[in-house]
Protein chains: 4
Amino acid sequence: MPKDTFYNLPEEKRQTIYEAALDEFSIHPFKQASINRVVEAAGIAKGSFYQYFQDKKDLYKFLVEEIFQKKIAYLTPEMQNPFNMDCFSLIRELFRSGVRFAKDNPKLAKIAQHLMSNSEKDTYLEIMEEKKGEGIQIYKMILEKGMEKGDVRGDINLDIAAFFLFQLSNSLSDGFMDMFHQGDEAQLMERVEDMIEILKYGISNNRLESENE
Amino acid sequence: MPKDTFYNLPEEKRQTIYEAALDEFSIHPFKQASINRVVEAAGIAKGSFYQYFQDKKDLYKFLVEEIFQKKIAYLTPEMQNPFNMDCFSLIRELFRSGVRFAKDNPKLAKIAQHLMSNSEKDTYLEIMEEKKGEGIQIYKMILEKGMEKGDVRGDINLDIAAFFLFQLSNSLSDGFMDMFHQGDEAQLMERVEDMIEILKYGISNNRLESENE
Amino acid sequence: MPKDTFYNLPEEKRQTIYEAALDEFSIHPFKQASINRVVEAAGIAKGSFYQYFQDKKDLYKFLVEEIFQKKIAYLTPEMQNPFNMDCFSLIRELFRSGVRFAKDNPKLAKIAQHLMSNSEKDTYLEIMEEKKGEGIQIYKMILEKGMEKGDVRGDINLDIAAFFLFQLSNSLSDGFMDMFHQGDEAQLMERVEDMIEILKYGISNNRLESENE
Amino acid sequence: MPKDTFYNLPEEKRQTIYEAALDEFSIHPFKQASINRVVEAAGIAKGSFYQYFQDKKDLYKFLVEEIFQKKIAYLTPEMQNPFNMDCFSLIRELFRSGVRFAKDNPKLAKIAQHLMSNSEKDTYLEIMEEKKGEGIQIYKMILEKGMEKGDVRGDINLDIAAFFLFQLSNSLSDGFMDMFHQGDEAQLMERVEDMIEILKYGISNNRLESENE
DNA sequence: GATGAATGAGTGTTCATTCAT
DNA sequence: TATGAATGAACACTCATTCAT
């Protein structure tokens, strides 16, 4: 929701501001991010900033919107009709696109992480009220479809499973990349496979029927 | 590491300060937590605070130490010798104790969550240097033992599985409780069972051997 | 090194701030000087100060720089080529310019004195690193030249003599002026002559050769 | 002027406090010296301090008094009747005793220096009001006597010469020792001789009569 | 539309001193 | 006599935002 003035800016200047903001908000969570530093890094006047954006939160919303837009762009074409896909393929693709996004846009990914980290819960709620239902609900829907199709076991707790998936997908950007060879996309994708594998079949060595009581 | 003066305080006053601190640090991550607000809430002079604690970080460390102490108290007695236990029972107990802790000490649990949220990574590192090895490593060890005993499949990626467990256990306190009927311990424990179930056997409806390529 | 914002200020306001700073730092050595008092005396907001200067040290450096600039302006034209001059004439001119500077800029002179007082040694070093070699070394060079030319006795300890001169020149501004009729420049200059006289011929009534053992 | 309670203290405790105070005040000038640090270093209660001393200034006065007492103890016996001595011998002895004092009591010497540095002028005046006339006046008297006896030239400005001597003697402790091989007393004493030499005969290579106009 | 000076409340921290016990 | 908890003003510095030009 930047003001028109921002969009009327010459492309180059707009970009400069955008990147200064990216730098600041990817390093600091919302409250600690400093508009002072942003305007200094961007080389614009303090007053100018407030002509482009309502306030600090307005800038933040703008960045978050960018995250959403860009993240969607990383979805593969076949995901346009997600429910034609096999459930696990869909999850795999979501995870893979998440990894690719984080790899190509590490700063945006950091911002996303701060936002999700619920140290920012109040900021999050204020900003996300219009985006309600995002997040866990999507995974629940996917799993429900999978269950209907018979891909997913009928006896699991869907909420828990969706919670599972949500937690994992949120962790993909930062901790995951830090930990698992962040430079090499091929390796990261193998780790995604490992994840899916565990998700599908669990980690127990025993079959379900012989163990389940 | 509060100063002696803090421990010499009359129980009641110490408690007041402790709770003011709890309130502040459970709502705000370290950097945003305000000593000003703490002293105002506690009804003490600014100078007094600094007679009890070295500085802001000192207070924080104290709270974190409380978390560790209390969390340990929630471990069941049979977990004193953890490696005599079945791997999944151990994980189950860790999760259950985590839930019980979070239910009884929701503010401490929030603080723990902030600390783990890696928006606070630098604060975390500074404070945790002496507690190295905590975290993911523990889960990896558990899984390794489980693999040796034959409880855990030999073909999974241990790092990923440990990462899995770590993410889940961190999520137990806050999101988990918000989502799953936080008032009712029995229900929460059932959700833990659901989690373990999924963790063990996965969510796929198909057996491993027929699916694996 | 004030920021541009300081130099962009209307002359009058800049002057007000400058004088408030002068007052504060001429009365108190660096560590004890209070930015709070400066801004109050200058009638500006605390935040404004930090828009003009990086920090307290930045203001201090600015004042010190003023001292250097102004002090140079008090050197007489013939001192542009100092080593064409007779050694004692040079010293005399240095002392005289020091006195004139202190008379016209008593507050700057006080600041200079604090800076030299080596109660401030650490502050001094931090600020003066770029101005290395100032101070005693200059006097040593002057004396060396004088010795080469035969104006200065060959048997004196140059380091001690330079130390002598340095101490005296530092003392010119404050103690000296307090003591010797500070209002009357002519009288002060006579005292400088007295000083040079003693410096040249000593205070003993006896000749060197009959006394020296 | 410490209170009786201080003198009633067991020797050892009194000494501990004295040394803690020495450490603090030799490092920091009066205003920056911290009673907090002193009591902590001395291991006594905050309240106790104020039972031994009126306030911070009282402690300071005590230390300054120590300086005077100790400095007198460094005067050689023949200086008990100073005016029987040759004027230059007297000055030499004063300087030598100053150097010995600074070498044996470096912390007291530092305190003296802070006190003299006239960054502390207000503190100085408050504390020294009862000691008026110390300092320069002594040197003036010595020089007057020397002039009467014919040791000192009759045509010099006594005030300036006394000022000279005063500046030099104040510089002996710190700058002097830093600069001139502070460890080796013999060397330091040679430097004192160099000083006296210059003081007596000046640094000019020419005789007085041929140069004087 | 662009500017950047102005603001005052906020931050964590230190201080000398008092006083009830 | 010894204690040490209590205090509140002071410190340097940062902040998001406003507004006259």
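Source: prediction; values computed, not measured. Naming: A, B, ... by sequence-line order, numbering from 1 per chain. FYI, side chains are in, hydrogens and waters are out, and symmetry mates aren't considered; it's all heavy atoms of this structure.
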Within the 4.0 Å heavy-atom criterion, would you say [X] contacts the bases, only the backbone, or no part of the nucleic acid?
| X | value |
| --- | --- |
| A:Asn36 | base |
| A:Leu59 | nothing |
| D:Ile44 | nothing |
| A:Asn8 | nothing |

* Asked: For C:Ala45 and B:Lys46, take the nucleotide of DNA chain E holding the closest heavy atom to each; which residue's nucleotide lies nearer the 5' end?
  ->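 Counting from the 5' end, the first nearest nucleotide belongs to C:Ala45.
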
* To do: Starting from the 5' end of DNA chain E, give me the residue, A:Pro10 or D:Phe30, whose nearest nucleotide shows up first.
  =>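 Whichever sits nearer the 5' end wins; that is A:Pro10.
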
N/O (side chain, [X]) to phosphate O (OP1/OP2, [N]) under 4.0 Å:
| X | N | answer |
| --- | --- | --- |
| A:Ser34 | F:dT14 | no |
| B:Arg37 | E:dG10 | no |
| A:Tyr52 | E:dA2 | yes |

* Given DNA chain F, 5'-ward residue of the pair C:Lys57 and B:Gly47, judged by closest heavy atom ->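 Counting from the 5' end, the first nearest nucleotide belongs to B:Gly47.
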
* Closer to the 5' end of DNA chain F via nearest nucleotide, is it A:Ile35 or D:Gln51? ->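 Its nearest nucleotide lies further toward 5', so the answer is D:Gln51.
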
* Asked: Is DNA chain E part of any stem, that is, at least 3 consecutive Watson-Crick or G-U pairs with both distances under 3.5 Å, and where?
  ->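 Listed by first number, the stems are E:2-21 with F:2-21.
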
d([atom1], [X]; [atom2], [N]) in whole Å:
| X | N | atom1 | atom2 | answer |
| --- | --- | --- | --- | --- |
| D:Asp55 | E:dT17 | CG | P | 5 Å |
| C:Gln32 | F:dA12 | CD | C1' | 15 Å |
| D:Glu40 | F:dG4 | CD | C1' | 13 Å |
| C:Phe49 | F:dA12 | CZ | P | 9 Å |

* All salt bridge (charged side-chain N to carboxylate O under 4.0 Å, His left out) counterparts of D:Glu12, not counting sequence neighbours ->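 Scan of D:Glu12 (salt bridge (charged side-chain N to carboxylate O under 4.0 Å, His left out), adjacent residues dropped) gives none.
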
* Let me see the working for C:Ile35 and C:Phe53 under side-chain contact (heavy atoms from CB on, under 4.5 Å), right down to the final yes or no. => CA-CA 11 Å; C:Ile35 296 301; C:Phe53 299 93; over 6 Å; no

Do [X] and [Y] come close enough that some side-chain heavy atom pair is under 4.5 Å?
| X | Y | answer |
| --- | --- | --- |
| B:Leu115 | B:Phe30 | no |
| B:Phe62 | B:Met1 | no |
| A:Glu19 | A:Lys107 | no |
| A:Lys31 | B:Lys31 | no |

Just compare [options] and give me whichever is closest to any side-chain atom of [X].
| X | options | value |
| --- | --- | --- |
| A:Ser48 | F:dA16, E:dT3, E:dA16 | E:dT3 |
| C:Tyr50 | E:dT3, E:dG12, F:dA12 | F:dA12 |
| B:Lys56 | E:dC15, E:dG12, F:dC11 | E:dG12 |

* Asked: How about D:Asn8 and D:Lys3: does a side-chain donor come under 3.5 Å of a side-chain acceptor?
  ->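 Result is no, nothing qualifies.
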
